[in-house]
Amino acid sequence: MATADVIIENASILTMDPDNPRADAIALAGGTILAVGSRGDMAGFAAPSTRRIDAAGASVLPGFIDSHIHLFAGGAQLRSLSLAGVTGFEAIAKAVRERAVKKIDPGVLVAEQAAYQMFGDGETITRQLLDRILPDYPLALFAGDHHTMWANTAALEAGGILHGRQTPAGSEIVVGPDGLATGELREFEAFAPITDLTPTGGREMLGLMGHEPKSPPNAAQRAADIGIVKQGLAYCASLGVTSFHNMDGNFYQLELLEEIDRSEGLIVRGRVPFRMLPGMALSELDKAVEMRRRWRSDRLTADFVKMFMDGVIESTTADMFEDYNGTPGVSGFSYFEQDEFDAISIECDRLGLQIAVHAIGDAAVNRTLNGYQASRRANGPRDSRHRIEHIEMLSPSDLPRFAELGVIASMQPTHAPGGAYPIEPILSMVGRERMKTGYAWRTIRQSGARLAFSSDWPVAPLDPLLGIRTALVRQPAFEGDPDERQSLMDSLAGFTIDGAFSEFQETRKGILKPGAMADVVVLSGDIESTPPGDVDTLKVAATICDGRITYERGAT
Ligand SMILES: [Zn+2]
């Protein structure tokens with residue numbers, strides 16, 4: 001009989017395996033699961049060398065799969081000033097100035113997690129406002145969603161964009177009547193001149209734009225970048241994450257991950273996409289095929305294509321069928337025309353590449369579904385599992401198309417206003433009628449579609465337990481707003497087996513059964529007996545990925 005490296009016992013195991021949903025012990029050997037059952041069942045696998053973990057009745061689950069994160073940017077942000085939850089001029093100024101005196105942000109002080117309304121409802125963030133906080137050093141506030149940045153005059157000057165600059169469609173350096181930049185920078189290409197000023201030269205953001213570093217980083221820069229990525233991975237492991245789907249990608253990031261894997265083994269399994277951009281020739285997809293050929297191990301794969309169809313509601317860049325409330329004539333925009341997207345969709349599908357498209361506005365979701373439908377018409381039905389990321393607004397007539405086309409709804413519980421975020425400004429911008437079809441987790445699930453849950457870290461906090469809590473307790477935003485809460489088992493599935501399904505791995509991960517990957521998370525308590533609102537107070541006691549303990553609470 002095989003010998004277990006690790007046996008976890010005295011556990012309340014939720015396996016996500018319908019054939020054997022519950023167990024109280026599990027044995028692991030090498031990178032796979034040997035047995036799942038009762039404590040007695042494990043006796044034959046134990047040896048003196050076996051590490052035995054007493055879960056003390058706590059929940060044990062398949063390791064969390066976060067189906068949408070930005071690892072490199074997240075790792076970099078762990079080192080930055082965070083303004084999460086900080087509002088009002090005085091509090092913001094205090095936080096920024098306390099950081100500035102430490103002089104640990106060479107080039108530019110970038111503060112993360114800035115809220116669009118952080119200076120007060122309707123208060124526009126301008127360079128002059130930021131100059132009052134920090135007049136003589138470059139300062140930039142980065143919106144939590146990573147779609148808008150606000151810079152002071154010194155930063156705009158340092159970035160060479162005080163007088164504006166033409167940027168690709170969809171992005172904008174906003175210029176005022178005086179011909180000077182107002183400080184508001186919309187979308188990646190507009191704020192790249194500012195992120196270029198940071199110690200990383202903005203390399204953590206390049207994957208979002210689908211770019212490679214302009215010149216190859218030198219050894220010191222590369223080592224620093226690897227340090228950032230490793231910090232991000234360790235943070236994932238500390239929160240029970242054993243697999244992530246990155247939603248930005250380039251060869252550089254893949255090479256960094258490969259280098260880490262070679263030298264010490266990745267402690268979290270990663271999946272990285274090829275970024276397809278508007279205007280690219282279809283032949284660029286050769287690079288996606290090349291990525292898939294080069295990275296196809298269980299720890300690092302590059303087997304899908306990521307695109308952005310639109311922006312975000314807060315900056316009115318999400319593409320809507322109707323105008324935003326209060327801004328007549330403004331309904332957002334799409335990065336791709338329908339025929340252009342259809343052609344890409346058909347070609348990706350033909351090449352067997354899964355597609356994941358960021359689509360937030362109802363018109364963007366519609367256009368994406370149309371493209372997936374076109375690929376099915378052209379190539380015939382197949383198990384493509386194309387995905388739509390976010391789906392914040394949804395036209396009711398598009399609801400049945402997810403199940404019909406086998407499209408995965410990849411959603412982030414913490415993004416829903418009234419969940420982990422305030423309801424404004426979203427509610428005012430879209431109005432109650434549209435809001436009723438927004439962030440429609442339960443409605444979409446009941447339509448027969450598959451959901452996968454994620455954080456979109458660092459846009460929102462990474463902790464899957466916070467995502468699960470939000471899925472459990474979100475309240476309707478107003479009288480008549482549907483109840484979109486999720487059951488505990490559906491919430492857990494969203495962060496485990498459904499994430500595995502969305503990467504074609506549901507028989508091998510996101511599930512605890514013999515032969516599956518030894519990816520396991522041990523919680524600090526029993527999640528089923530924890531009040532839903534307190535689920536995020538549970539901690540991760542241990543994380544195991546590929547049979548290796550990648551995090552242990554209290555261990556140094
Ligand atoms: Zn994202």
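The figures that follow rest on heavy atoms only: side chains count, while hydrogens, waters and symmetry mates do not. Start at 1 and go down the list; that is how both ligands and their atoms are numbered.
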Carboxylate-amine/guanidinium contact Asp362 Arg434, below 4.0 Å: no

Counterpart residues, salt bridge (Lys or Arg N to Asp or Glu O under 4.0 Å), relative to Glu392 (two or more places apart): none

Distances under 2.8 Å only: what protein N/O/S atoms are near the Zn ion (ligand 1), ordered by chain and residue? His68 NE2, His70 NE2, Asp456 OD1

Using a strict threshold of under 4.0 Å (side-chain N to carboxylate O), is an ion pair present between Asp303 and Arg296? no

Salt bridge (Lys or Arg N to Asp or Glu O under 4.0 Å) partners of Glu189, counting only residues at least two apart: none

Kindly assign one of parallel, tilted or perpendicular to the pair Phe188 and Phe308, based on the angle between their ring planes and the thresholds 30° and 60°. perpendicular

Quick note, side chain to side chain donor-acceptor pair (under 3.5 Å) partners involving residues 460-474, not counting sequence neighbours, are Arg469-Asp536

